[in-house]
Peer 1: 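Structure provided below as structure tokens; questions to follow.
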Amino acid sequence: MSVVSAKEMLLKAHKEGYGVAQININNLEWIKSVLTTVEELKSPVILGVSEGAAKYMGGYKNVMGMVHALDEFYNVTVPVAVHLDHGTYEGAYKALEAGFTSIMFDGSHYPFEENLAKTKEIVAACHAKGVSVEAEVGAIGGEEDGVIGGGEIADPEECRQIAATGVDMFAAGIGNIHGQYPPNWKGLDFDVLEEVERVTNHVPLVLHGGSGIPDDMVRKAITMGVSKINVNTECQLVFAAATRKYIEEKKDLQGKGYDPRKLLKPGAEAIKDVVREKLTLFGSVNKA
Ligand code: 13P
């Protein structure tokens, strides 16, 4: 039984100077690929689940059912948190009820006072159940499941107040965006990151939009207090590319190549490669 809150794994990562990957899951293949890889590399992990992905997978309860059953099936011993990604106010309560072990309440689109009040309330409800909480200030740019963020840079005073609600991890916009980075992207704003780290009283920080950020910037962010890095798009891109290759090579037309267990295998293997690469870059291998 290794399904736990994200709190302890993040505090350990923060103290020892490495990052924990949040790998977003989209279906059965994703969960299998991530769980078997983290077990192989003895790394903690956070499974990110957006509200859209939860709906696709048949709801929050089904997500928890799949994770618990696969955790047992593969004898997973490393800590695994199941985390609601960019949760709405209503979604946060539903995921909490379904047994999620970590919740992100993304109130960044509310007027600040409302974000603060709702974050406070959700922190109390989650902590009463031993569930960790992530909050956000300053919308992360790009599109995530239909939610389009403008990529604002976070306001330090707002960061201070939200972090003071007792959240276990904190996400701030520092120029990062979801999805693929445009060629003219300016890079992460390390001055803002430094300021956010200081005003949030050293709470573990979260870097969203982890796909496609150059390795040296990721390493630098980790040295500056980032303890959780979210990755989704890169896994989706390699899954699609591997599946495309299989079909373009007409492998689905050979023998029983049309069997979904064969058809989806190259994609599932490609996800494992990305997860291995990220765990190594973030420094969480053998940290379970
Ligand atoms: P990417 O899809 O850009 O990797 O971002 C993932 C993320 O931040 C999920 O919250």
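Along the sequence shown, residues carry numbers from 1. All ligand and atom numbering here is 1-based and tracks the order in the structure.
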Peer 1: In terms of atom number and element, which parts of ligand 1 are under 4.0 angstrom from non-hydrogen atoms of His86?
Peer 2: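 Per the distance check, 10 (O).
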Peer 1: Assess Gly179 for proximity to ligand 1: is some non-hydrogen atom of it under 4.0 Å away?
Peer 2: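 Flag set, Gly179 near ligand 1.
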Peer 1: Where do Gly19 and Ile229 come nearest, in terms of heavy atoms and distance?
Peer 2: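 Closest approach of Gly19 to Ile229, heavy atoms only: CA-CD1, 4.1 Å.
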Peer 1: Within 45° of the axis and under 6.0 Å from the centre of the six-membered ring of Tyr74, does NZ or CZ of Lys32 qualify?
Peer 2: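 No cation-pi geometry.
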Peer 1: Quick test of your reading of the model: are Lys256 and Asp259 salt-bridged, counting only N-O distances below 4.0 Å?
Peer 2: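 Asp259 and Lys256: not salt-bridged.
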Peer 1: N/O of His208 under 3.5 Å from N/O of ligand 1, yes or no?
Peer 2: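 The answer is yes, given that His208 and ligand 1 share an N or O pair closer than 3.5 Å.
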Peer 1: Step by step, work out the side-chain hydrogen bond (donor to acceptor under 3.5 Å, both in side chains) result for Gln22 and Asn24.
Peer 2: CA-CA 6 Å; Gln22 170 184 310; Asn24 280 50; 2.8 Å; yes
Peer 1: Tell me whether ligand 1 is touched by Glu234 - counting only heavy atoms on the residue side and a distance under 4.0 Å.
Peer 2: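 Not so, Glu234 does not reach ligand 1.
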Peer 1: Is the contact between Gln236 and ligand 1 made by the side chain, the backbone, both, or neither, using heavy atoms and a 4.0 Å cut-off?
Peer 2: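 None of Gln236 does.
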Peer 1: What part of Thr233, side chain from CB on, backbone N/CA/C/O, both or neither, has a heavy atom under 4.0 Å from ligand 1?
Peer 2: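 It is both parts that get close, each with some atom under 4.0 Å.
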Peer 1: Is the closest basic N to carboxylate O distance between Lys118 and Glu114 below 4.0 Å?
Peer 2: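 Glu114 and Lys118: salt-bridged.
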Peer 1: Are any of the N/O atoms on Val231, whether in the backbone or the side chain, positioned under 3.5 angstrom from an N/O atom of ligand 1?
Peer 2: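 By distance alone, the answer is no.
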Peer 1: For Asn176 and His208, run side-chain hydrogen bond (donor to acceptor under 3.5 Å, both in side chains): C-alpha distance rounded to whole Å, both residues' side-chain angles, the deciding distance at 0.1 Å, then the answer.
Peer 2: CA-CA 7 Å; Asn176 42 334; His208 281 251; over 6 Å; no
